[in-house]
Amino acid sequence: TVGEMLSWRAEIGHNNHQMDKHTGETLVQRLCAQSLWTFQQDSYSSMFDYIHHDIPGYYLSLLAIVIWVLVSMVEFRGTLRQAVSIWNLPRLAWDDPGIS
């Protein structure tokens, strides 16, 4: 969760024991630079790719929306045709023979 991520960053990521002795970088700095080979780096890379890259399936989503609109238009046309057919049915007045 977000709370666990914030807790990890404050308690572990910036902890003095996690600093690189040669460069002086914290674990969070190395994580953001994508220079680690850990579970945290894999999770961070997945989130970074999801947030900062193009939406996967953009064209497929667009195609699905276009097909949905076209199918909806076909359904609307059928409904309209049925309404016009009902409207054009012959009508009888109340005093016409055949109504009992």
Of Thr79, Leu80, Ile86, Val84, the one forming a side-chain contact (heavy atoms from CB on, under 4.5 Å) with Gln82 is Ile86

Can you confirm whether Val74 sits close enough to Leu70 that some side-chain heavy atom of one is under 4.5 Å from a side-chain heavy atom of the other? no

Applying side chain to side chain contact (heavy atoms under 4.5 Å, CB included) to Ile67 and not counting sequence neighbours gives Leu63, Val71

Taken in chain and number order and not counting sequence neighbours, the residues that satisfy side chain to side chain contact (heavy atoms under 4.5 Å, CB included) with Ser7 are Glu11

- Query: Okay, side chain of Gln29, backbone of Thr26: is any donor-acceptor separation there less than 3.5 Å?
  - Reply: yes

